[in-house]
Amino acid sequence: MLEKEYFPQKIEKKWCEIWDKENPYKADNNSPKPKYYALSMLPYPSGKLHMGHVRNYTITDVIARFKRAQGYNVLHPMGWDSFGLPAENAAIQHHANPQTWTLDNISYMKKQLKMLGLSIDWDREVTTCLPDYYKWTQWLFLQLYKKGLAYKKTAPVNWCEHCATVLANEQVIDGKCWRCDSEVTKKNLSQWFFKITDYSQELLDDIEKLKGWGDNVKTMQTNWIGKSEGSILKFKVKELDDLEIPVYTTRADTAFGITYLVVAPEYKDIEKLTTPENKEAVEKYRQNAKKLSEIERLSTERIKTGVPLGTHIINPFTGRVCPIWVADYALVDYGTGAVMAVPYHDERDFDFAKKYNLPLVQVITGDDFKEGEVYVEKGKLINSAQFDGLSCEEAKKQITQYAKDNGFGDFKTQYRLRDWLISRQRYWGAPIPIVYCPHCGEVAVDEKDLPVLLPTDVDFSVKGKSPIETSKSFKYTICPKCGARAVRDMDTMDTFVCSSWYYMRYADARNDKECFNRDIINKWLPVDQYVGGIEHAILHLLYSRFFTKALRDCGLLDFDEPFSNLLTQGMVLKDGSKMSKSKGNTVDPDEIYQNYGADTARLFILSDSPPARDFDWTDAGVEGCYKFILRVYRLFSKFQDKIKLNYSFDVKNLNKKDETLVRETHISIKKITNDIENEFQFNTVISRYREFTNAIYDYVKSENDINDDVLSFALLTLLKLISPVCVFMTQEIYSSLGAKNSIHDEPWADYDENLAKTSSLTLIVQVNGKIKDKIEVEQDLSNSELEQIAKNSAKVADAIIDKQIVKTIVVPNKLVNIVVK
RNA sequence: GCCGAUGUGGCGAAAUUGGUAGACGCACCAGACUCAAAAUCUGGCGUGGCUCACCCCACGUGCCGGUUCGACUCCGGCCAUCGGCACCA
């Protein structure tokens, strides 16, 4: 029996408890059904769920439920990206242990997720900060190490003073730390890197294979990898016989126009290249450059500065002797750190040359060339000896080939992507499983000794070094090779390492012998549908793609890309701006659960915008969705005596009114199925829920001519169609109607193509493309019949009186357009 | 500067292959029910015009132009907003 009124709080609690006990959404590794892997980006356990989480997990959950109903064996897991700085900061603030803080948060948020009614297989839950997970993160590090993909080097790296740690390039946004927004400086440190640059070309090439990814993410990755095709040209130094300066250029065609050369302040041979007279000025310039923050340095507005070194290069093409300058517009970590300057054909060089009165030589000409103005357009070569008259593109090839033939150059492909710096000078991360032995040097920890456990005897209040260094038990160990006293690497890994493979672990989460079984992972992966925020477009998604390729090359798996389809959901806004604590415009999911129930939250968060677009949270919208749920419930409670779980009827014997409802039902199934399958357009799915519900209300308006079987068909179909979204309400209704199965175990509804359209249709009649009349007609009339009907219209007759019919266009089942003169 | 996305009523938005622009909802307005309110139900709701009750006419999907019997949809040229990359040689 259905209660007269619906109380979501009470009902949702009831089903939560039942589902918690039963874990009804276990994914079966051995099912014969086709697999479907639906994945949400795993949350960081910050304390409480926010609406962004609710949106993310609801989208994935509806997809998972839809696919399950369609007969797929669905894997829909959840876990916790639980290493990272906030836990450590909280520990410092509250004098708590980061682990305690993190695990408490997880247990609270897990409860919130369950209240949201997600169909997750909780047996596969993964927590990256626990040893049974990070043991394998460390193991994977060692596999990359063995393969030469993890290496240590001393390099100028990004340093965030506030977070007291280094950062990967991807974590520096406009010269600022991605986490705390403070300015990033450079420090020279010895750090661990993953050799993601070995995969630059493959990462770029395979973007094309990612058919199910949005163009925005794909271009962002393409930009980030930053491939450019150019040439290396080497220049002899006039004053130093044994020194050559190679430059990277994409404009080899302008080589005859070189009038000077620029090296970065950090250029390795800069001291050798500086003459004694210039030493002081150069040194001063370099010191100044060092002081500049990344933000200042990167500003394109800044006026270019530089000082000459006193030495010169000889342009091998022209024999011209050109001065070498140091200038900070040359970047040490791109190309070779040295740039050939062609002021007539490059804006930066032009500005610089103007300022320091360096000569200009024109070597390219074109239609809009103007004397004395920089000309960066492509054109034809002049003043370039045997290359005169060539197009720029052709000249690039020929000039580089000439340089190659004569031993002073070659073609070169350059990428902007840098290796991934993974060391962090923080406690709350997976320790890097390396020890340093006075005899053997850098040695990998033996695999059987994993995990290298995080020490607990640490002082979190220390400043200027990682808390881990305060541990007495952690630092000293024994060399796995020779048994001598050795010290551990005191750094931990970037949390993005942990999150680069968690989706693989889900496939085989409880395996304590290996990080995952190869057959099982090959069965489940790649992920069929990944859902998450756009903020990971480069970071997490690029790292995960790299990991997949690297682990493939380590022989651990057999696929090339981790995520076949990617849905980047839009932000959740309130009053036009992103929900954030600082703006005070957040909405607490707990409050929504309490006031309206999770079904309302799920329904609303999907209702107003397509998933990829930003979503504006409004209180009125929530209210409207709540009312809809009650409206549906009322329909069932009012007519529960008429509803038959085993209905049956023959469409041929139905009256017009019944047939219309049957057709509405089929139309709804078709529309909703198509809309989910096509880009997960849940907003239109929900519109159709409402239209369909309205149609049923229409049908029951006069209660005396209701066909119970037809009504049952419509109502039970509506229930199934809504069930992926409003999981509690539909479950409650279905079970109250006496059904043995859960509504969620019932198969998806099928539709009949012939019934999924209205019996009649509205014919549009136009004269010269303007609508003159709308006429109800039967489906599938012939063109001549339609034309005749149109011409019989009085309104058409009025419009074409005194005019001559030029032609008549008939679109079957749609319109007739009469063209007159 | 380069690249990508977006642009439709007061608001969120919808619209297979070009074929009724504004589905569905929010807000608003009116009516029913009520002593009253809430809830619920019914209806209306782009702009302007007219000889104005429901008819009719014109305009209307960022702007300008084109193709077409017909354009939110296709083509050319712009503009604006958001996002990514960027002294990258």
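So you know, we letter chains A, B, ... as the sequences are listed, proteins then strands, and number each from 1.
- Protein atom CD1 of Ile232(A) is 12 Å distant from nucleotide atom P of A89(B), rounded to whole Å.
- Comparing U16(B) with C33(B), their C1' atoms are spaced 44 Å from each other, to the whole Å.
- Across all strands, Lys772(A) comes closer than 4.0 Å only to sugar-phosphate atoms, never to a base (heavy-atom distances).
- Between the side chain of Thr684(A) and the backbone N or O of Gln681(A), at least one donor-acceptor pair lies under 3.5 Å.
- You'll find that the side chain of Tyr334(A) is closest to A89(B), out of C41(B), G4(B), A89(B).
- If you measure from atom CE of Met571(A) to atom P of C82(B), you get 12 Å, rounded to the nearest angstrom.
- A89(B) and C11(B) have their C1' atoms separated by 49 Å, with the value rounded to a whole Å.
- Rounded to whole Å, the distance from OH on Tyr6(A) to C1' on A39(B) is 19 Å.
- Comparing G60(B) with G70(B), their P atoms sit 15 Å apart, to the nearest whole Å.
- With P as the reference atom, G19(B) and C28(B) are 35 Å apart, rounded to whole Å.
- Atom P of C59(B) sits at a distance of 30 Å from the matching atom of U6(B), rounded to the whole Å.
- In this structure C35(B) sits in the anti conformation; its chi angle is more than 90° from 0.
- Listed by chain and residue number, Gln221(A), Glu561(A) satisfy the side-chain hydrogen bond (donor to acceptor under 3.5 Å, both in side chains) test with Arg545(A) (two or more places apart in sequence, or in another chain).
- Each of C85(B), C69(B), C41(B) was ranked by its minimum atom distance to the side chain of Val819(A); first place goes to C69(B).
- Shown here are the ring pair (Phe, Tyr, Trp, His ring centres under 6.0 Å) partners of Trp178(A), two or more places apart in sequence or in another chain: Phe496(A).
- If you take CG of Asp215(A) and P of G4(B), they are 8 Å apart, rounded to a whole angstrom.
- The interatomic distance linking Leu541(A) (CG) with G83(B) (P) rounds to 19 Å, in whole Å.
- For the P atom pair drawn from G66(B) and U73(B), the interatomic distance equals 14 Å after rounding to whole Å.
- Within the structure, ring pair (Phe, Tyr, Trp, His ring centres under 6.0 Å) contacts touching residues 672-703 of chain A (residues at least two apart or in different chains) do not occur.
- Listed by first residue number, the stems of RNA chain B with at least three Watson-Crick or G-U pairs below 3.5 Å are B:1-7 with B:79-85, B:10-12 with B:24-26, B:28-32 with B:40-44, B:46-49 with B:56-59, B:62-66 with B:74-78.
- Arg418(A) is linked by a salt bridge (charged side-chain N to carboxylate O under 4.0 Å, His left out) to nothing, counting only residues two or more places apart in sequence or in another chain.
- When heavy atoms are screened at a 4.0 angstrom cut-off, Lys770(A) is found touching the sugar-phosphate backbone but no base atom.
- Listed in residue order, the members of residues 337-353 of chain A having a heavy atom less than 4.0 Å from RNA chain B are Val339(A), Arg348(A).
- Looking at Asn783(A) and Glu787(A), their side chains never bring a donor and an acceptor atom within 3.5 Å of each other.
- Remark: the backbone N or O of Ile809(A) is not paired with any side-chain donor or acceptor of Asn817(A) at under 3.5 angstrom.
- Taking the C1' atom of each, A71(B) and C64(B) are spaced 15 Å apart, rounded to whole Å.
- Counting to the nearest Å, the C1' atom of A89(B) and the NZ atom of Lys396(A) are 12 Å from each other.
- The distance between atom CH2 of Trp224(A) and atom P of G83(B), rounded to the nearest whole Å, is 17 Å.
- Applying the 90° cutoff around 0 to the glycosidic angle, G48(B) is assigned anti.
- Side-chain atoms of Lys807(A) and base atoms of C69(B) include no donor and acceptor less than 3.5 Å apart.
- Summarising the geometry, the separation between CD on Gln414(A) and C1' on A86(B) is reported as 15 Å, rounded to the nearest angstrom.
- Residues passing the side-chain hydrogen bond (donor to acceptor under 3.5 Å, both in side chains) test with Ser228(A) are Tyr248(A), Tyr334(A), sequence neighbours excluded.
- With hydrogens and angles left out, the side-chain atoms of Glu776(A) and Ser760(A) include a donor and acceptor closer than 3.5 Å.
- Around CD of Glu677(A), the count of heavy atoms belonging to other residues, nucleotides or ligands within 6.0 Å exceeds 12.
- In this structure, the side-chain hydrogen bond (donor to acceptor under 3.5 Å, both in side chains) partners of Glu753(A), at least two apart in sequence or on a different chain, are Lys670(A).
- Look at the P atom in both U61(B) and G22(B): the space between them is 14 Å, to the nearest Å.
- Screening residues 629-638 of chain A for side-chain hydrogen bond (donor to acceptor under 3.5 Å, both in side chains) gives Arg631(A)-Asn694(A), Lys638(A)-Glu703(A) as the qualifying pairs, with residues at least two apart or on separate chains.
- Taking every side-chain heavy atom of Leu331(A) into account, C88(B) is the closest of C88(B), G84(B), G4(B).
- Nearest-nucleotide positions on RNA chain B for Arg251(A) and Gln221(A) put Gln221(A) closer to the 5' end.
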Sugar-phosphate or base contact per nucleotide [nucleotides 9-28 of chain B; S, B, -; heavy atom under 4.0 Å]: ---SSSS-B-BBS-BSSSS-

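- With sequence neighbours left out, the side-chain hydrogen bond (donor to acceptor under 3.5 Å, both in side chains) criterion links Ser782(A) to Ser784(A), Glu785(A).
- Residues satisfying the ring pair (Phe, Tyr, Trp, His ring centres under 6.0 Å) test with Tyr285(A), not counting sequence neighbours, are none.
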